[in-house]
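Reminder, nothing fancy here: chain letters follow the sequence lines and each chain counts from 1. Keep in mind that this is a model prediction, so the values were computed, not measured.
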2 protein chains.
Amino acid sequence: MAEAGDAATFAYRPLYLQVKESLIRRLIDGQWQPGQLIPSEMELAREIGVSQGTIRKALDAMAGENLLIRRQGRGTYVAEPEESRILFQFFRLMPDSGEPTFPTSQVLRRTRGAADREERAALALGTGAAVWRIERVRELGGAPLMAETIVLPAARFPGFDALGEIPNNVYRLYSERWRITVARASERLKAVAATPDDAKALGCPRATPLLRIARVAFDLENNPVELRLSRCLTRDAHYSSELR
Amino acid sequence: MAEAGDAATFAYRPLYLQVKESLIRRLIDGQWQPGQLIPSEMELAREIGVSQGTIRKALDAMAGENLLIRRQGRGTYVAEPEESRILFQFFRLMPDSGEPTFPTSQVLRRTRGAADREERAALALGTGAAVWRIERVRELGGAPLMAETIVLPAARFPGFDALGEIPNNVYRLYSERWRITVARASERLKAVAATPDDAKALGCPRATPLLRIARVAFDLENNPVELRLSRCLTRDAHYSSELR
DNA sequence: CAGTGGTCTAGACCACGCC
DNA sequence: GCGTGGTCTAGACCACTGG
């Protein structure tokens with residue numbers, strides 16, 4: 001980290017970004033675990049050999065990406081996939097009135113098969129790659145809200161079949177069981193008509209308009225790790241999006 | 001700005017936030033106009049009587065909210081509602097394949113009336129308040145994409161009836177004609193069935209599933225200034241949302 | 001070449017949480 | 001009272017832009 005200013009005219013990267021990447025590497029390697037208190041700014045500055053201000057810029061950037069949580073007076077922690085954070089960060093479907101709540105889940109099926117064309121494209125898989133598929137219904141206040149299909153590359157989730165019950169918060173499961181951190185996700189929304197299967201699962205008439213959310217989730221190294229297809233009833237709920 | 005550290009234990013506001021608010025005030029007052037080059041960091045620091053670093057934090061925060069555009073070597077500019085920025089910032093409906101494009105608009109109707117319950121709630125209006133309503137169809141590549149109703153509080157848009165043609169980019173119109181800057185927007189998405197009117201405007205069968213976007217746009221002072229109801233065909237397009 | 005924003009440093013003080 | 005992150009300052013140098 002001594003060659004801070006060698007800036008070969010091209011490929012110049014600010015020091016704080018280099019520091020940030022080296023710290024993200026510690027998250028990827030598992031050297032820093034979710035929930036853990038990391039060293040203070042002063043300690044990191046001494047260890048890495050840069051000023052406290054440079055460490056600060058790196059940590060602030062990581063906190064801005066929800067990888068770290070900074071708490072004045074206490075320290076800096078590695079972000080955890082706990083319910084409330086996931087709810088706020090990754091779950092944009094809100095009841096029309098009342099507070100956002102985490103829906104319950106009921107798993108219908110869990111199968112293994114060859115990834116189809118769409119799944120291979122979304123998950124960057126080769127032909128013939130195997131995937132796990134989880135189908136579940138999620139309810140809010142006792143009423144069905146969404147039918148969901150989660151598709152996981154089998155290669156990234158070894159021992160998936162040996163798993164007992166699948167919990168509601170699967171991102172915590174990915175983290176604890178396979179050390180996979182979901183860092184960001186990209187969603188594509190469309191309006192579709194309920195298929196007979198959807199109608200049955202959701203208890204709605206066939207061809208009811210549903211909000212279809214196709215989500216691809218990415219890990220810390222920006223590899224796609226999950227494809228999720230949700231078909232949502234939006235009679236009493238909506239997808240919330242803030243633009244600025 | 002001399003009493004930087006009087007911090008009455010409660011109601012403490014960091015200096016850079018106070019500076020930021022005073023600079024936002026210059027935008028609201030029109031002292032700084034869209035597109036204008038504002039004074040350099042050093043000049044502002046001297047004028048306001050704080051360090052360059054504090055000015056920087058304020059300007060960076062404003063740039064993060066897309067109020068300013070900073071360009072190394074050139075200076076800091078007030079953001080303008082130009083096509084490409086609006087497209088990127090406020091228009092999340094993308095073709096399934098190909099680059100995002102700004103759709104064309106054809107205005108069907110322009111009427112004035114009393115705001116209904118929903119409009120009053122969204123725009124924070126009192127009973128009996130008047131609104132303008134613009135109904136238009138937007139097309140992409142010659143095919144109808146969305147039917148849109150724009151609702152504006154008449155009080156905020158004086159002389160609206162004297163307006164000639166309504167341009168495609170209405171945010172630029174708001175800015176140039178009424179000095180209203182749209183700083184952020186909040187959207188609620190649902191799936192609905194096409195009404196007969198929608199079906200006619202969009203040239204689709206009745207009851208086709210449509211993506212319904214209800215957007216409320218806010219000005220620099222965080223007052224709602226526009227309600228927009230869009231019903232979108234999502235056969236060849238989708239709403240894009242990035243979560244991190 | 002001068003001027004701008006961007007980075008980096010070093011040091012002081014403040015607000016906060018915990019003991 | 002101590003250690004943490006948060007703010008504020010001052011100054012140096014770097015990368016980029018335009019004349």
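Going from atom CE of B:Met42 over to atom P of C:dG5 covers 10 Å, rounded to whole Å. Spacing between atom CG of B:Asp60 and atom P of D:dT7 amounts to 13 Å, rounded to whole angstrom units. Rounding to whole angstrom units, OH of residue B:Tyr12 and C1' of C:dA15 are separated by 7 Å. Taking atom CD1 of residue B:Ile69 and atom P of nucleotide C:dG5, one finds them 14 Å apart after rounding to whole Å. Distance A:Gln52 CD to C:dA12 C1': 11 Å, rounded to the nearest Å. Taking atom CD1 of A:Ile55 as the reference point, atom P of D:dG5 lies 11 Å away to the nearest angstrom. Rounded to whole Å, the distance from CG on A:Leu68 to P on D:dG6 is 11 Å. If you measure from atom CG of A:Leu59 to atom C1' of D:dT4, you get 12 Å, rounded to the nearest angstrom.
Under the 6.0 Å distance and 45° angle rule, A:Arg92 does not count as a cation-pi partner of A:Tyr239.
Between A:Lys57 and C:dC8 there is no side-chain N or O to OP1 or OP2 distance below 4.0 Å. Within the structure, every side-chain polar atom (N or O) of B:Thr76 is placed at least 4.0 Å from both OP1 and OP2 of C:dT4. B:Arg70 has a side-chain polar atom (N or O) that falls below the 4.0 Å cut-off from OP1 or OP2 of C:dG6.
Here C:dT4 is the nucleotide among D:dT9, C:dG6, C:dT4 with the atom lying nearest to any side-chain atom of B:Ser40. With D:dT9, C:dC8, C:dT4 as the choices, the nucleotide that has an atom nearest any side-chain atom of B:Thr54 turns out to be D:dT9. Side-chain proximity of B:Tyr16 to D:dC8, C:dG6, C:dC16: nearest is D:dC8. Looking at the side chain of B:Gln72, the nearest of the listed nucleotides D:dC16, D:dG5, C:dT9 is D:dC16. Among the nucleotides C:dG17, C:dG5, C:dT9, the one closest to the side chain of A:Arg74 is C:dG17. For A:Ser51, counting side-chain heavy atoms from C-beta on, the closest listed nucleotide (C:dA10, D:dT9, C:dG5) is C:dA10. Closest to the side chain of B:Pro14, from the set D:dT4, D:dC8, C:dG5, is D:dC8.
Within the nucleic acid shown, B:Arg56 comes within 4.0 Å of at least one base atom, counting heavy atoms only.
Using a 4.0 Å cut-off between a side-chain N of Lys or Arg and a carboxylate O of Asp or Glu, B:Arg13 and B:Glu21 qualify as a salt bridge. Between A:Arg244 and B:Glu65 there is no salt bridge, since no side-chain N of the basic residue sits under 4.0 Å from a carboxylate O of the acidic one. One finds a salt bridge joining A:Arg70 and A:Glu41 here, because a Lys/Arg side-chain nitrogen approaches an Asp/Glu carboxylate oxygen to under 4.0 Å.
Shown here for A:Pro153 and A:Leu125, the closest heavy-atom pair between the two residues is CB-CD2, 4.0 Å.
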